[in-house]
Amino acid sequence: MDLTLILASISIVLFQLYPRDFRSRTAIAVFGAYLKSTGQILSSWPGSGLFLPFVSVWLLQFFLEVVWKVVLYPKLFSPLRKFPGPKPGSFFMGNFIEIRQHPTGVPHRKWINSIPNNGIIRYLSLFNFERLLITSPEALREVLTTKNYEFQKPSNMRFNLGRILGVGVLLAEGEEHKKQRRDLGPAFKFGHVKNLYPMFWEKSRECVEAMTAEIRKNATTTEERPNAVIEVGSWASRVTLDIIGVTGLGRDFGAIKDPNNKLNQTYQNIFKPTRQGQILGTLQIVLPAPLLDLLPVKRNTDMHSAAHVIRTTCADLIREKKERQASGKPMTLDILSAALDSKAFTDENLVDQLMTFLAAGHETTASAMTWAVYLLARHQDVQSRLRAEIHQHLPSISKEGATISHSDIDNLPYLSAVCNEVLRYYSPVPLTLREAAIDTTIAGHRVPKGTQIMLVPWAVNKSESLWGPDALEFNPERWLPKHPGDIKAASGGATSNYAYMTFLHGPRSCIGQQFAKGEFACLVGAWVGRFEFELHNKEEMDETKVEIKGGITARPSKGMYIKTTVVEGW
Ligand code: HEM
C-alpha cells in the first residue's frame, strides 16, 4: 500500500486522539520526510532534501485536520449532533455571524425561548466548533453542582482573566479551588458582611453628595429643581471601586472625589470595548491566547501596563496591612484582614486574590447600578413606588453620621424586589463558559472531553419555560409574596432556583453574592432616595436601541446618559 495513504490514515487517527497536538503532526512530517529521503515514498517528487517533503506532509495533515474538524466531525460524526439547535447560518461559520451581530447572550435567549429542547441546545461557533447551551435546572445542577469539578474554565478564559483578575479563587481548579474557597469563606459569610452595611451606606452617601454637587454646578435650566444630564455608568464605577477598596481591602481609593483616579482610569481602559480587543477575542477561537498576547499591538500593551498598575497596588496594600498587623494596631473590618488572619495564603497568592476581588467586586456591581437606573428611568411607576418606600423607612441621606444596619435595608420588600428583578433582567455577567475536563455526561447524554459548555444568565434568566409567559418583562412584583406563606416569591415565582443564574450556583457560585446584594441595595436606596431619573435619549425607551458592549460584564457601550433631578429634602 502507498505509504502516503498510511501516513494520512495515521494522521486522521492522531487528530482525533490529540486534536490540538502540533507535536504529533510535526513528528509525522519528520517521519514522512525521512521516508521520502530514503526513497520509500513520494519518490517521483522533485528534490532530494528533507524540507519540501516535511512541509508537504505537515500541510497535508493540517488540511486533513481542518476538513475533519470544520466539516466532517461537526456535520457527520459528532455525538452532539443529536441535540436540537438553531439552523447554522453559514457552511463554515455555523451560527457565529448571528452571535457577532448581537450583544452577548441575546441569540442564546432567542434560542432558549424558541427551540424545543430537553436541557441542552447545540450550536456552532466559528469554523463549526460545537457549543452546548445548558437550559434546564436539572442539567444546570449537574454542571454547576453535582459534577462541578468535571467542568472547568477553558484555558483561554483562564489566561485572559488571569492577566487582570489574578490567578485567585476565580481561576483555581479542583482541590486548590476547594481549599481557597474554604479559607476565604469566613470573610464572605453573612455574619461578616452584615457589619459592612454602615460602610456601604456611608460611601453611598458620599457618592450622592458628590453627584448632587455636580448636578447643581451644571444645572443651567430655569426649572425649579436642579437637574442635569449625567453619565451614570462612570459614577457607578467610581463608587463601587471605593466601596470594594474600603470594605474589601481597607483603603479608600478616592475615586468618587477624583474621576481621574489612576486605578479607576486603568479599569475604565481595560473594560472599554475596542476593535483590537474584539479581533483578538475572535482569533482566540482558533489560536492560543498566550500566543496572541505576544503580538505587539496597542490592546496588548494596554493590558500589560494595566496588569502592572493593579498588581503593584495590591502588593502595596498587603505590605501596608502587614505593617499595621506587626505594629499591633487594631485591624479593620475588611476582607483582606480576614484573609491575613486565616494565615492560609502566601503574599504572592494574596496579591492574586486581591486582584480578583477588586475587579470581580466592582465592575459587576457598577454594571448592575447602570442597568438599575436605566430600568427605573423606563419604569417611572416602579421608581416612584420605590422612592416612597425609601423615604418612609430610611434615614435621610443628607444627615451626615446617620447610619443604617443590614436589617434596615434588607427589610424593605420593594427595594429587595426591585434589586432582584434588575439582577435577573440585566445580569451583569451575561455569559460564562466551562469545558468538559473529562469524558462525562449531562442529563444522561455523553459529552466528550473538551466540549465547550455555555452558561448564559441572559438566556436562562429570561427563559419562558422557567419564569412563565412574562419572562421578558421587567416586573419586580414577581418577587413579592402574593399571599401569606407564598414561598414561590423567594425565587421570583420561577420553577427552580437554577432559573436565576446571576451569581451561578454550587461550589463555584459568586463568593461575593451577599456582599454584592447588600452593597447594591444600599446604592439603589441612596440614589433613588436622592434623585429622579429620566432617560435623556428618549429613543432608549426601546431597549433594543441601547448598544451593549460585550465582554465579561454587560454595559451600554456609549455610556448611559440620564436626566437626573435632585429630590430636595431627603
Ligand atoms: C452584582 C454583582 C456581582 C455579580 C452579578 C457577580 C457574578 C458572579 C458570577 C456569575 C461568578 C461566576 C463566574 C464563573 O465562574 O464563570 C462570580 C464569581 C466570583 N465573584 Fe462575583 N459577582 C458580583 C459581585 C461580586 C463581589 C462584590 C465580589 C467580591 C467582593 C465577587 C467576587 C467573586 C469571586 C471571588 C468569584 C469566584 C468564585 C469561585 O470561583 O469560587 N463578586 N461572580
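Just so you know, these numbers come straight off a predicted model, no measurement behind them. Atoms within a ligand are numbered from 1 in the order they appear, just like the ligands themselves.
Residue Thr356 places no N or O, backbone or side chain, under 3.5 Å from any N or O of ligand 1. Distances between N or O atoms of His177 and those of ligand 1 include at least one value under 3.5 Å. Of the polar atoms of Thr365, none of the N or O atoms is found under 3.5 Å from an N or O of ligand 1, judged by distance alone. Where the criterion is an N or O separation shorter than 3.5 Å, residue side chain and backbone included, Thr502 fails it with respect to ligand 1.
In this structure, Ala289 and Asn160 approach most closely via the heavy-atom pair CB-OD1, 4.0 Å.
Using cut-offs of 30° and 60° on the angle between ring planes, the pair Phe474 and Tyr425 is perpendicular.
Checking Val232, Val422, Leu535 one by one against Tyr374, the side-chain contact (heavy atoms from CB on, under 4.5 Å) holds for a single residue, Leu535. Paired with Phe503 under the rule side-chain contact (heavy atoms from CB on, under 4.5 Å), one option of Leu423, Ile511, Thr364, Val429 passes, and it is Leu423.
When only non-hydrogen protein atoms are considered, atom 16 (O) of ligand 1 lies nearest to Thr432 OG1, 2.5 Å. For atom 40 (O) of ligand 1, the nearest non-hydrogen atom of the protein is Arg508 NH2, 3.1 Å. Looking only at protein heavy atoms, the nearest one to atom 38 (C) of ligand 1 is Arg181 NH1, 3.4 Å.
Within the listing of ligand 1, atoms 35 (C), 39 (C), 40 (O), 41 (O) sit less than 4.0 angstrom from a heavy atom of Val169.
Cation-pi geometry between Arg424 and Trp467 is met: under 6.0 angstrom from the ring centre, within 45 degrees of the axis. By the 6.0 Å and 45° rule, Arg385 stacks over the aromatic ring of Tyr414. Under a cutoff of 6.0 Å and an axis angle of 45°, Lys517 and Tyr197 do not form a cation-pi pair.
The ring-ring contact (aromatic ring centres under 6.0 Å, His included) pairs that include a residue from residues 168-193 are Tyr149-His177, Phe188-Phe357, Phe190-His406, where partners are two or more places apart or lie in different chains.
The number of heavy atoms from other shown groups lying within 6.0 Å of CD (Gln325) is above 12.
Contacts with ligand 1 closer than 4.0 Å are made by side-chain heavy atoms of Arg434 only, the backbone lying farther away. For His362, no heavy-atom contact with ligand 1 is shorter than 4.0 Å. Proximity of Phe520 to ligand 1, defined as any heavy-atom pair under 4.0 Å, is not found for any part of the residue.
Once rounded to the nearest 0.5 Å, the distance linking CD of Gln180 with CZ of Arg182 reads 10.5 Å.
Distances shorter than 4.0 angstrom do not occur between any heavy atom of Met501 and any atom of ligand 1. At least one heavy atom of Ser509 sits closer than 4.0 Å to an atom of ligand 1. The closest approach between a heavy atom of Gly248 and any atom of ligand 1 is not below 4.0 Å.
With respect to Arg251 and Asp316, no salt bridge is recorded, no charged nitrogen being found less than 4.0 Å from a carboxylate O.
With waters left out, the protein N, O or S atoms under 2.8 Å from atom 21 (Fe) of ligand 1 add up to 1.
Counting heavy atoms only, Phe515 comes closest to atom 27 (C) of ligand 1 of the residues Phe188, Tyr426, Phe515, Phe357. When the options Ile244, Leu504, Thr553 are ranked by their closest heavy atom to atom 13 (C) of ligand 1, first place goes to Leu504.
Within the 6.0 Å centre-distance limit, the rings of Phe515 and Phe200 are counted as a close aromatic pair.
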**Report entry** Glu202/Thr403 under side-chain contact (heavy atoms from CB on, under 4.5 Å): CA gap, chis, key distance, verdict
**Finding:** CA-CA 7 Å; Glu202 182 45 34; Thr403 189; over 6 Å; no
